[in-house]
Amino acid sequence: MDEKTFRLLYVLTDLALPLIAGYLAYHRRIVSDALCNKIIRFNIIAMATLLAFLSFWVMPLSKSLLWLPLFSALYMLVPGAIAALTFARRFRDPLGRGAYYMSAMLTNIGTIAGLSAFILYDETGFAYVQIVSSFQVALLVLVCFPLAAMFRAKASADSRRVHLSLRELFLTPNQIPVLGLIGGLALNLSGLERPAVLGAAFQTLVHIGAWTALFPVGCLVEFSRARSYMLKTANLLPLRFIVTPLVFLVLCHLLFDDPTLIGSLLLIAAAPTAINAVLTARLYRLNVDLAIASFLVTTVIYLAVFFPLFFLYITNGGVL
């Protein structure tokens, strides 16, 4: 088996199988809610932090990286604006429209896009994606939560609101991987060479990280309730996999000349709906089933169609 075919198998072993295994294990009562939550916490506190530390230690540094915080915001705002001008208008109910916005704006950057970049571009691509991902929590709080609250208020005269303190928003385990990012970047800047044994360890840890990230996501999937919304969210497919990547392809060529950076950023632009869209819809009592349907539809198309085609194009000498 050649290297190209071997890496393409990661789409199955590291992206699809953890989701399927999580779904089957949870719905057959092999895995409990408590165990699922422990896996999520382990992935965030241990795996994501360690992977960020090791990848940032050897990431090539350039002035281009200064643009990535802005890109992190654009990855939310661009598809959100396109949705507002097009498909979101068909949802008359504010709860459905709010869930649709969350599905368009919140994408699976840290896990699926990160693993995809690793498969194609090794640690460098993985590190580029983690930079963008590290700003997503703040944007979730500053942009998506207020927008979700607005749609909740439009749907009901109920004056109740979801109040979260600054500590609950920012001082959570979700921010711990940033410490790994900072630590790895500090060693990178110091000029200290990373031992070869840690490079070999990273190759193994990234696969473990894939399973600890995606297995609990599979546990959260509920097909029966989301099935009726799948056709209604199908118009997210051209938004996610054609329009948004084309917008960022043009923008990337205006700013960058590194093909690895451009390819990694395009993988982010086409990332499927994130589970955070479901969690935000649940928190603000929007249409959770619509968000779940969006997560399922876009994730399946990304894994089965978009990424394999993108992978084959790049590995056969395609130029972005």
Side-chain angles (χ1 to χ4, degrees), residues 11 15-16 19 71-113 116 132-133 136 139-140 143-145 147-148 150-151 214 217-218 220-251 265-284 286-310:
V11 176
L15 297 176
L19 292 168
F71 268 64
S72 188
L74 292 177
Y75 283 126
M76 281 187 177
L77 300 178
V78 169
I82 295 171
L85 296 172
T86 55
F87 308 119
R89 295 181 177 182
R90 64 179 295 186
F91 294 95
R92 303 296 182 185
D93 173 21
L95 300 182
R97 183 176 291 194
Y100 189 88
Y101 274 112
M102 296 305 105
S103 300
M105 297 173 69
L106 292 170
T107 55
N108 203 322
I109 295 177
T111 302
I112 289 184
S116 300
V132 176
S133 178
Q136 289 292 298
L139 290 167
L140 172 68
V143 178
C144 293
F145 280 3
L147 186 62
M150 181 190 75
F151 281 107
L214 293 174
V217 172
L220 298 174
V221 170
E222 184 59 67
F223 282 104
S224 59
R225 294 177 55 187
R227 189 177 296 116
S228 62
Y229 288 95
M230 288 184 179
L231 287 178
K232 296 180 181 179
T233 58
N235 51 30
L236 278 171
L237 299 179
L239 172 63
R240 284 257 55 88
F241 302 125
I242 298 175
V243 179
T244 303
L246 286 176
V247 170
F248 280 95
L249 179 62
V250 173
L251 187 58
L265 294 177
L266 288 179
L267 287 171
I268 298 174
T273 296
I275 200 65
N276 273 345
V278 178
L279 300 179
T280 303
R282 182 172 298 170
L283 179 64
Y284 286 93
L286 304 177
N287 189 327
V288 176
D289 296 335
L290 189 152
I292 292 175
S294 170
F295 166 79
L296 291 172
V297 169
T298 57
T299 299
V300 168
I301 296 301
Y302 180 90
L303 296 180
V305 180
F306 178 85
F307 182 68
L309 291 178
F310 189 86

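Throughout, numbering of the chain's residues begins at 1 and tracks the sequence.
Judged by distance alone, the side chain of T244 and the main-chain N or O of R240 form no donor-acceptor pair under 3.5 Å. T273 contributes no side-chain N or O that, together with a main-chain N or O of T298, makes up a donor-acceptor pair within less than 3.5 Å. With Y284 contributing its side chain and A99 its backbone, the two residues share no donor-acceptor pair below 3.5 Å.
Interatomic distance, CG of L74 versus CG of L139, reported as 10.0 Å (0.5 Å rounding). To the nearest 0.5 Å, atom OH of residue Y100 and atom OG of residue S294 are 8.0 Å apart. Rounded to the nearest 0.5 Å, atoms CD1 (I112) and CD1 (I275) are 10.0 Å apart. Between L214 atom CG and L19 atom CG the span is 5.0 Å, to the nearest 0.5 Å. Atom CG of L140 sits about 4.5 Å away from atom OG1 of T280, to the nearest 0.5 Å. Remark: L286 CG to R97 CZ distance equals 13.0 Å, nearest 0.5 Å.
Residues that satisfy the ring-ring contact (aromatic ring centres under 6.0 Å, His included) test with F295, not counting sequence neighbours, are absent from this structure.
Looking at F91 and L290, their side chains come closer than 4.5 Å, going by heavy atoms from C-beta outward.
Applying the 6.0 Å contact sphere to CG of L231 captures no more than 12 heavy atoms from other residues, nucleotides or ligands.
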For residues 302-310, tabulate all N or O donor-acceptor pairs below 3.5 Å that involve a side-chain atom, not counting sequence neighbours.
| unit_1 | atom_1 | unit_2 | atom_2 | d |
| --- | --- | --- | --- | --- |
| Y302 | OH | S116 | OG | 2.7 |

